[in-house]
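These values consider heavy atoms only, across backbone and side chains, with no hydrogens, waters or symmetry-generated copies.
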Amino acid sequence: MAALAEQYDPHQVLLVGEVMKLVFSAAMMKVDDSPSDAAVFATMWQRLTFLTLRSAKMFILALIYGVMNVLSYFAIKRVDAAVFTVCAQLKILTTAFFAVTILRKPVSSAKWRALLQLVLGCVLVTVPQLHNGGVAANPEGARSEAAFVAGLVAVIVEVSLS
């Protein structure tokens, strides 16, 4: 039996977290005296509106961040914590891949060998889980290999987005 048996909706957890960030940011804007372009506005509402309109480019990144959070919750329900943690380390590999393909940054052969070892470690942790039915038993006691694979794909997509 788990230590915490409360039921929660991951979407509500994410929403509450984001609202808390917004409230904290607004409070920091209120008490911050450092110079900024928004300081010329008299009311807090005018400052928030100004900053929101100037930050429109960040909305796409915020949307990607939200998708990553949802994928993390989806994945952690379907794969063991060990598998999730090891596969989440693949973001180092995706960062190297995108640095080479998009930024044309060279990566040394020693670094590629280290990245290969990282991938092999992920495979060594993941493959036995596939043979054991994938995920820890859910409350009904059922194990699903398809759920494990879906969780694994969610981790890989989340890692690629990060």
Side-chain angles (χ1 to χ4, degrees), residues 4 6-108 110-123 125-126 129 134-135 146-162:
L4 295 174
E6 289 85 11
Q7 296 294 318
Y8 66 92
D9 180 21
H11 303 292
Q12 290 175 347
V13 171
L14 293 173
L15 180 64
V16 169
E18 295 304 317
V19 168
M20 288 172 51
K21 290 178 197 176
L22 285 172
V23 169
F24 180 76
S25 297
M28 291 305 294
M29 275 181 40
K30 185 73 174 164
V31 299
D32 188 17
D33 294 340
S34 62
S36 83
D37 294 341
V40 298
F41 296 104
T43 67
M44 183 69 166
W45 182 252
Q46 289 173 330
R47 288 178 76 185
L48 282 172
T49 303
F50 173 78
L51 290 173
T52 302
L53 293 175
R54 297 274 310 255
S55 303
K57 294 180 232 176
M58 298 300 287
F59 288 136
I60 293 184
L61 296 175
L63 179 66
I64 291 171
Y65 177 75
V67 168
M68 288 171 37
N69 282 338
V70 170
L71 285 172
S72 292
Y73 274 100
F74 178 85
I76 201 69
K77 281 185 171 182
R78 288 160 178 80
V79 298
D80 290 338
V83 173
F84 180 85
T85 303
V86 170
C87 291
Q89 298 309 309
L90 289 175
K91 74 177 61 173
I92 298 167
L93 177 67
T94 59
T95 302
F97 173 76
F98 289 127
V100 169
T101 57
I102 295 173
L103 302 176
R104 305 277 187 231
K105 183 177 179 183
V107 176
S108 70
K111 289 181 182 177
W112 281 118
R113 283 192 305 270
L115 291 169
L116 179 64
Q117 288 177 339
L118 178 70
V119 171
L120 289 175
C122 182
V123 169
V125 169
T126 305
Q129 294 298 320
V135 294
F148 177 77
V149 171
L152 200 57
V153 169
V155 173
I156 292 169
V157 170
E158 186 257 337
V159 162
S160 297
L161 288 174
S162 70

Applying side chain to side chain contact (heavy atoms under 4.5 Å, CB included), name anything that partners [X], two or more places apart in sequence or on another chain.
| X | answer |
| --- | --- |
| Phe59 | Thr52, Ala56 |
| Thr94 | Lys91, Phe98, Val159, Ser160 |
| Val16 | Met20 |
| Ile92 | Gln89, Leu115, Leu118 |

Quick one: which residue pairs count as a salt bridge (Lys or Arg N to Asp or Glu O under 4.0 Å) with a foot in residues 14-26, not counting sequence neighbours?
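The answer is Glu18-Lys21.
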Please tell me if the side chains of Val100 and Trp112 come closer than 4.5 Å, counting only heavy atoms from C-beta onward.
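Yes; the side chains approach each other to less than 4.5 Å.
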Distance check, rounded to the nearest 0.5 Å: Leu161 atom CG versus Leu63 atom CG?
10.0 Å
Quick check for you: to the nearest 0.5 Å, what is the distance between Thr95 atom OG1 and Leu90 atom CG?
10.5 Å
Give me the atom names and distance for the closest heavy-atom approach of [X] to [Y].
| X | Y | value |
| --- | --- | --- |
| Met68 | Glu158 | O-CG, 3.4 Å |
| Ala75 | Gly151 | CB-O, 3.4 Å |
| Val155 | Phe84 | CG2-CD1, 3.4 Å |

The criterion is side-chain hydrogen bond (donor to acceptor under 3.5 Å, both in side chains); which residues satisfy it with Lys105, sequence neighbours excluded?
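Lys105 satisfies side-chain hydrogen bond (donor to acceptor under 3.5 Å, both in side chains) with no residue once adjacent residues are dropped.
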Please check if the number of heavy atoms outside Leu103 that lie under 6.0 Å from its CG is greater than 12.
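Counting other residues, nucleotides and ligands, CG of Leu103 exceeds 12 neighbours.
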